[in-house]
Structures are given as C-alpha cells and as structure tokens.
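Comments concern the structure below.
Order of the sequence lines fixes the chain letters, A, B, ..., with proteins taken first and strands second; residue numbering starts at 1 for each chain. Since this is a predicted model, take the numbers as computed values, not measurements.
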Number of protein chains: 2
Amino acid sequence: MTFERLPDLSTAELVAERIREALLQGTLRPGDRLIEADIAAELGISRGPVREGIRLLAAEGIVVLRRNRGAVVTSPTFDDVLEVYVVRLGLGLLALNHAMSLDAASAPEFDDVELLLRRMRNPGVQGDALLMMDADLHFQSALFDLSGLTRVTAVLDQTARDIPVFVKVLGITYDELDHSALIERHERLLHAVRQRHRDAAAAAWRDHVRCTVGEFARGYPAAQFEGIFDLPLMHHVFDHHDNLG
Amino acid sequence: MTFERLPDLSTAELVAERIREALLQGTLRPGDRLIEADIAAELGISRGPVREGIRLLAAEGIVVLRRNRGAVVTSPTFDDVLEVYVVRLGLGLLALNHAMSLDAASAPEFDDVELLLRRMRNPGVQGDALLMMDADLHFQSALFDLSGLTRVTAVLDQTARDIPVFVKVLGITYDELDHSALIERHERLLHAVRQRHRDAAAAAWRDHVRCTVGEFARGYPAAQFEGIFDLPLMHHVFDHHDNLG
DNA sequence: CCTGACCAGATTGTCAACAATCTGCAAAGC
DNA sequence: GCTTTGCAGATTGTTGACAATCTGGTCAGG
C-alpha cells in the first residue's frame, strides 16, 4: 500500500466545494442567489451537476431552497452556530462513549488520529486560523470515526463543514484563540479516550466545545451573548459530567 | 382561510416517497439495485427527477450510492436500528429541553401536538401497526418542532423516515406492542413538557425509546439482542436521568 | 491452465433544448 | 386611488440524446 486513495469527488461535490470556497473568500455572501445557469457558465459545465451540488449544500443547511424559486445563501444567526455546537456536543459524546466501548478501538486506529493531532502543531498550520480550524475539525472527525457509528459521524461531519462557513459569514473573529491551549485540550481528550476514561473524555469534550463557543462569543460584535453558557440551549442535558473531569 | 395548503412536494420527493412505499410493501428489498432509467420508465417521467429522488434517499441512508455504479437499497442490521434510536434519544432530549426553555412554548402550539396524540387513539389507526407507527412518529416530530431547533429536528425527521423502512426490511415484528401503554407514555411525556418538568420529560422520553427498542428486540429473530440495554451503545451518556422520573 | 488485453452491453454522468413557473410591472376595471 | 388581471423576462424543472464509465465475459499469448 503505497498509494493513497484518489480524491474521487463527483462533479457535484466539486461544485459544492467551490461554492463553499466562495463563501469563505467572501465572494459570496448571505442572501445572495445561486443561479444555476450562471454558476454553470462560470465553471464551464452544464446545469445538471451544478443543480446537484446546490442540493448537497441545501442538505447541509448552507443554502435554502425554495420550490421553483431557486437557492439563496443562508443568513445564519449566532444562534445557528450555537445550535450546531449543541448538536456536536451531544452526538460527539455519543460517539466518544461508543468508541470507548469497542474492543477494536486499540492502538492502530488511534495512530491515525494522533497523526492528525500532530499536524495541528505544524507551524504552517498555526499561522492560519482557517487552516487551524480545518485541522481541528479533521482531528475531531477521525476521533468520532473510531465509534463506527456511521449515522452519527455523518451528521457530525456535516456540522463540521458548516462551521467554517458560518463563522466566516457571521464575521466571527477567533484569532485570539489560544492554539497551544486548544492542542493541549485535544491531547487530554485523546488520552482520555485511549485510556477509556469515560468521564474524563466526556469532560474534556464538553470543555473543548465550551471553550470554542466561548471564544466565538467573545469576538462576536453583539453584546447579547455574554452569558452564553447560561442560555438554556447549553444546559440541563449533559451537566452531570461536570463534577467528574 | 378556507383552503388547506397544497401538498407541494417536488417530483423528486414524490419519487423518493414511491421508493419508500415499495420498500414498505416488500416489492423492493435490501440489495436491490435502483436503475434510474427503469424507475423513470415505470413512473412515466425522465431520469432527472428520479436521480434527484434517489439522492434524497441516499442522504437518509436508505440507499447506498457508489460512484458510476448506481444505487443499491441498504441492507441494514439491527445495530443500525439501534444507532438510529440512540440518535433520536440524544437529539430528542436536546430538543425537549430546549422547548421547555422557550417562553413561546405555550398553549396554542401545544394544541397541535395534542391533536396528533388524539389521532393515535383513533380505532382505525390502532388496527394497523404501520399507521400507528406513523402517527407516533408524527406526534414526536411535532413535539420536537416546539424547540425551534431546525437542524436538530431535521435530523430527527430524517431518522423518523428511516424507522418504518428499516423495521420492515429487517422483518422486525412489533404487533404485540401495547398501544394503550404507548399512548399513555406519550401523555406522560406531553404533560411533562407542557408543565416544564425537565426531569420528568427526560425520563418519559428515555422510557419511551427504551420500551420501543425493547419491543423490537423481543420480536427480532436473533437471540443475541436480549441484553440490549446492557450494550454500551445505550449507556453512560444519559443515565443521570434515571433516578429522577 | 493462467494472465491480461480487449470488447460489448448496461448504466451512470453530462449536456443543451424545451416546458413550466415565478416575479415584477403595467394596464384595465372598480 | 386601490385592487385585480395579464403580460414579459428571468429562472427553475424536465426531457431525450450523447459521452464516459463500469461489469463481465471472451480470446490471444504465455
């Protein structure tokens, strides 16, 4: 095995990727219409694959589809980002717990995850906040994959694709994010999962989500989100892990 | 306002619906290939909408897509059903808790939910186990909608569409399911949510999922699922609600 | 007998043209 | 003046034809 799998993305997925890139670049903004024919012409392909790509983005919640009226880039609110993180918190706990229950979750599988964690230490990555976020989400995805819960990880991966886009279009600043603290949290998380310390793992994951959202909330222009963790959105479901980490 | 909204399903959604029906009827079975041209010919339309409908089912996990090789009906295992229910357990708790935190979740919204619950008492529904399951899932969906968490409810609704199909193709028998007990559980659940008794609601929801899965496990031909609730899959994440209901 | 290139049929992927629908505006009716 | 109707342009929805790809088998060469 010397060759890595070919990318093998369908044209539709490539189209979706391009649109996502345009959103991250700021070329495309919330409320903008996505006109199939225009995009097809720009990419030099026909409307079919473009249409399919737009549907993929619609399934992710990045664009809104209205029957016979086309697709519009979503205008997410900060609450949408919160909702995404609440889903990640919940399903992530599910995945981590299940991963720790599997006999198969031993050394070899963990090495791949460790590799992704190491990539976050790369100085080239540390410079770019977007690359950092990408590496971060990939690490988390690999960790969740250990669970073998394909439906759960599919939803988690979908939210992972949403996050950079939402963060960008909302103008959330997160440059002050402490990279070494982030990596340290992930090391704690990975170690806990590897050692199957359920409660420590749950606490570490919860801690990471809280820190990330907390950082976003700080940088967010509006002041109404200061008491973000006091919002009922984040409470009452997973609190029992607090006293265990 | 004398007219009800038109159904307004896209052709693709109608196609997906037909394929789901074929699955429920047994006309289509796990492993069967879905050939775009054949389905298009049978339905008297062209391949485009059929293709789109198949993609919708793929997003739901009902069919598996392989690049350039077409779509095949999934062959779900009982573990897949378990995974679906674990997701519903987790996200359902999230939705219910958030619904109970909203000021707006007052009488008028609850009336619609109550209506759906009453529909389950309809003798015509009680006769047909499939209709019962459908009414049940609709009630749950309406309840979750109260949360206003669109991403969470979208995933929940997707799992709701999966359940009847998976139950059918796996040959799970659930006829012995006690309808009055089911309705009674739902009444408890609705009452708890309405009164905003967080812990009672969580316990009731958890109880419902456990009973449903337990019933399925009983009817399932294989014997390996007797200790289903001892599986780590169902443990360690939401257990703290046990001592509160 | 085994290996690998090649071919034919089936099926998906893409395309460009056509039909159906929506939007906004302008004109007609009250 | 206000509402309603009817149109024109823009855009999506659908279609049938064509191109690319995959599958399985056949056949030549070793």
Side-chain angles (χ1 to χ4, degrees), chain A residues 3-20 22-23 27-75, chain B residues 1-20 22-23 27-75:
Chain A
F3 293 107
E4 207 181 333
R5 269 187 79 84
L6 289 173
D8 192 37
L9 288 172
S10 71
T11 311
E13 285 168 325
L14 289 173
V15 170
E17 196 55 49
R18 288 293 179 89
I19 296 175
R20 248 187 246 111
L23 282 165
T27 319
L28 218 56
R29 295 167 59 181
D32 286 355
R33 295 185 58 191
L34 294 176
I35 289 150
E36 296 175 0
D38 294 356
I39 297 170
E42 281 195 55
L43 296 176
I45 58 178
S46 75
R47 275 178 53 213
V50 174
R51 186 183 171 83
E52 222 173 290
I54 291 176
R55 302 299 160 124
L56 288 175
L57 294 176
E60 276 176 35
I62 287 179
V63 306
V64 177
L65 246 41
R66 284 184 311 168
R67 194 160 156 66
N68 286 320
R69 269 179 271 178
V72 175
V73 177
T74 331
S75 302
Chain B
M1 281 298 190
T2 43
F3 294 106
E4 207 182 334
R5 270 186 77 85
L6 289 172
D8 192 38
L9 287 172
S10 71
T11 312
E13 285 169 324
L14 289 173
V15 170
E17 196 54 49
R18 288 296 178 89
I19 296 175
R20 249 187 244 109
L23 246 16
T27 318
L28 218 56
R29 294 166 60 178
D32 286 354
R33 294 184 60 191
L34 294 177
I35 290 150
E36 295 175 1
D38 293 356
I39 297 170
E42 281 195 55
L43 296 176
I45 58 178
S46 74
R47 275 178 53 214
V50 173
R51 186 182 172 83
E52 222 173 290
I54 291 176
R55 302 299 158 125
L56 289 175
L57 294 177
E60 276 177 36
I62 287 179
V63 307
V64 176
L65 246 42
R66 285 185 310 168
R67 195 162 159 62
N68 287 320
R69 269 179 273 178
V72 176
V73 177
T74 332
S75 302

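Both B:I35 and A:N68 lie close to DNA chain C; mapped to their nearest nucleotides by heavy-atom distance, the more 5′-ward contact belongs to B:I35.
Within 4.0 Å (heavy atoms only), A:L65 reaches no atom of the nucleic acid at all. B:L34 comes within contact range of the sugar-phosphate backbone alone, with a heavy-atom separation under 4.0 Å but no base atom that close. Counting non-hydrogen atoms under 4.0 angstrom, B:G70 reaches the backbone sugars and phosphates but no base.
Counting to the nearest Å, the P atom of D:dG9 and the CZ atom of A:R33 are 17 Å from each other. In this structure, the CZ atom of A:R66 is 17 Å from the P atom of C:dT21, given to the nearest Å. Atom CD1 in A:I54 sits about 10 Å away from atom C1' in D:dT12, given to the nearest Å. Following rounding to the nearest Å, A:E36 (CD) and C:dA20 (P) show an atom-to-atom distance of 18 Å. Between B:E52 atom CD and C:dT12 atom C1' there is a gap of 16 Å when expressed in whole angstrom units.
Regarding contacts with the backbone of C:dC15, a side-chain N or O of A:S46 is found under 4.0 angstrom from either OP1 or OP2. Remark: B:R47 is not in phosphate contact with D:dG13, judged by side-chain N or O atoms under 4.0 Å from OP1 or OP2. Taking 4.0 angstrom as the limit, A:R51 places none of its side-chain polar atoms (N or O) nearer than this to OP1 or OP2 of D:dT12.
Between the side chain of A:R67 and the base of D:dG13 there is no donor-acceptor pair of N/O atoms closer than 3.5 Å. No hydrogens or angles were tested; on distance alone, nothing pairs the side chain of B:R69 with the base of C:dG13 as donor and acceptor under 3.5 Å.
Counting heavy atoms of neighbouring residues, nucleotides and ligands inside a 6.0 Å radius, atom CZ of A:R29 does not exceed 12 of them.
Among D:dT11, C:dC15, D:dT15, the nucleotide with an atom closest to any side-chain atom of A:I45 is C:dC15.
Taking a cutoff of 4.0 Å between a charged side-chain nitrogen and a carboxylate oxygen, A:E52 and B:R51 qualify as a salt bridge. Ion pairing between B:R20 and B:E17 holds under the 4.0 Å rule for side-chain N and carboxylate O.
Between the side chain of A:T74 and the main chain of A:G61, a donor-acceptor pair closer than 3.5 Å is present.
Counting heavy atoms from C-beta on, the side chains of A:V73 and A:V64 never come closer than 4.5 Å.
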